[in-house]
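The structure under discussion appears below in the form of structure tokens.
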Amino acid sequence: MEVTNRVEPGTNVVIVKNLYVSIDPYQVNRMKSFSSSQSATKNAVGVNPGEGIDAHGVGKVVASGNTEFEKGDLIVGLISWGDYTVVKPGVLLRKFDPLGLPLSYQVGILGFSGLTAYAGLFDICKPKKGEKVFVSAASGSVGNLVGQYAKLFGCYVVGSAGNNEKVALLKEKLGFDDAFNYKEETDLKATLKRYFPDGIDIYFDNVGAEMLDAAVANMKAFGRVAACGVISEYTDVRKRAAPNMLDVVYKRIKIEGFLVVDYMNVYQDFLRTTCDHLRNGEIQALEDISNGVESIPSAFAGLFCGDNIGKKIVQIAQE
Ligand code: NDP
């Protein structure tokens, strides 16, 4: 692709060569016909057929009409699922220091996935040492970090994932106390009773539907549920969680939804803590990187089949 390296000064337009783009489940909700009615939620503005798709990513400035950016600057922000992005004024973009860590970390562990796990666990669930934590989609981008943060904090952590390779990874490499393959279980309520005979203090919900019902049935009194996402409901309109609300009332369970964009105030804390953990070898960055812009569609579709292990990223180009 031929790209001009000149932009008229004062236009504030920045042209970015895309290096890494984030592949996220929520994009599917933007593609649904009802998504424009959700635009008030800020992160689900609709995408219509034929329009480009913007996503969190890392790139390098190749031309700038904005005095804040120079050719050669590394940036992180909203770029497109494509080779280059013409970033118009007002679009979220910032320079960053890679801090000696791989650039791809800005899209996953040091980006929104990491912040989602950190804010959801610590701000929403408010764990106490020794508490029992259950996390679903635990080998995914957010889930694996929830488990790793919770273990470092001193909790007992069990995760669910969709195949035995993922279960082994959680237990043997990421330090989870236990894990199970939910696809091999026929009665999730009984399964969770087996893993948490005394009940769950915290459930970090990434999937919704029957897993949320089963978790609520196994919560202890004053348990907390972080409603992070409901991926099992994104592509199946028949699936809806129906927890026993009398259980919620009598057990005084707190179920709280949240959006990562509301937690930018804890970003610097999160960044410092996570970089320290990474440098001390206390936390692992789990990445699943495909190469080339042409791999974006299969990378995206794969999220809904459980193809990814860890943060799904597409590397578009070398720096
Ligand atoms: P993941 O990296 O976890 O990828 C998705 C994973 O979900 C798959 O690998 C698959 O793993 C699992 N999955 C897919 N379909 C189903 C299904 N039908 N039932 C159960 N599990 C399924 O994605 P993220 O970590 O990026 O996102 C996890 C959740 O967090 C999503 O719901 C997402 O929308 C939400 N989210 C919310 C944010 C917020 O601000 N509230 C911010 C970021 C993400 P498996 O093999 O285990 O089935």
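Hydrogens, waters and symmetry mates are skipped; everything else that's a heavy atom, side chains included, is used. In each ligand, atom 1 is the first atom listed, and ligand 1 is the first ligand listed.
Counting only N and O atoms by type, the side chains of Lys166 and Asn163 include no donor and acceptor under 3.5 Å apart. Looking at Lys312 and Ser290, their side chains do bring a donor and an acceptor atom within 3.5 Å of each other.
Considering backbone and side-chain N/O of Lys166, one or more are found under 3.5 Å from N/O of ligand 1. Ligand 1 has an N or O atom lying under 3.5 Å from an N or O atom of Phe258, backbone or side chain. Looking at Tyr182 next to ligand 1, an N or O pair under 3.5 Å apart turns up. Looking at Asn308 next to ligand 1, an N or O pair under 3.5 Å apart turns up. Checked against a 3.5 angstrom limit, the closest N/O atoms of Gly162 and ligand 1 fall inside it. For ligand 1, the polar-atom distance check finds an N/O of Ser141 within less than 3.5 Å of one of the ligand's N/O atoms. Not one N or O of Cys305 is nearer than 3.5 Å to an N or O of ligand 1, by distance alone. Considering backbone and side-chain N/O of Ala161, none are found under 3.5 Å from N/O of ligand 1.
When side chains are defined from C-beta on, Tyr203 does not count as touching Cys125, because their heavy atoms never get closer than 4.5 Å.
Judged as a side chain to side chain donor-acceptor pair (under 3.5 Å), the pairs with a partner in residues 125-134 (not counting sequence neighbours) are, in order, Glu131-Arg224.
Lys254 contributes no side-chain N or O that, together with a main-chain N or O of Ile124, makes up a donor-acceptor pair within less than 3.5 Å. Panel note: side chain Arg252, backbone Tyr250; a donor-acceptor pair is recorded below 3.5 Å. Judged by distance alone, with hydrogens and angles left aside, the side-chain atoms of Asp177 form a donor-acceptor pair with the main-chain N or O of Val157 at under 3.5 Å.
For Tyr118 and Tyr149, the ring centers are positioned less than 6.0 Å apart. In this structure, Tyr195 has its ring center closer than 6.0 angstrom to the ring center of Phe180.
Val225 approaches Met219 most closely through the heavy-atom pair CG2-CE, 3.9 Å. Pairing each heavy atom of Val28 with each of Phe300, the nearest pair is N-CZ, 3.6 Å.
Using a 4.0 Å cutoff on heavy atoms, Thr116 counts as a contact of ligand 1.
For ligand 1, the atoms lying closer than 4.0 Å to a non-hydrogen atom of Gly140 are 1 (P), 2 (O), 3 (O). Within the listing of ligand 1, atoms 15 (N) sit less than 4.0 angstrom from a heavy atom of Phe304. Numbered from 1 in the order shown, with element, the atoms of ligand 1 that lie under 4.0 Å from a heavy atom of Val260 read 39 (C), 40 (O). Residue-ligand proximity, Val230 to ligand 1, at heavy-atom distances under 4.0 Å covers atoms 32 (O). Atom numbering of ligand 1 starts at 1 in the shown order; those under 4.0 Å from a heavy atom of Gly229 are 32 (O), 35 (C).
Among Ile124, Asp288, Asn206, the residue whose heavy atom sits closest to atom 29 (C) of ligand 1 is Asn206. For the residues Phe112, Tyr234, Tyr26, the heavy atom positioned nearest atom 33 (C) of ligand 1 is part of Tyr234.
Here Val207 has side-chain heavy atoms under 4.0 Å from ligand 1, and that is the only part of it that gets that close. Both the backbone and the side chain of Cys228 come within 4.0 Å of ligand 1, judged by heavy-atom distances. Both the backbone and the side chain of Ile231 come within 4.0 Å of ligand 1, counting heavy atoms alone.
Contacts of Ser141 classified as side-chain hydrogen bond (donor to acceptor under 3.5 Å, both in side chains), with partners at least two apart in sequence or in another chain: Ser113.
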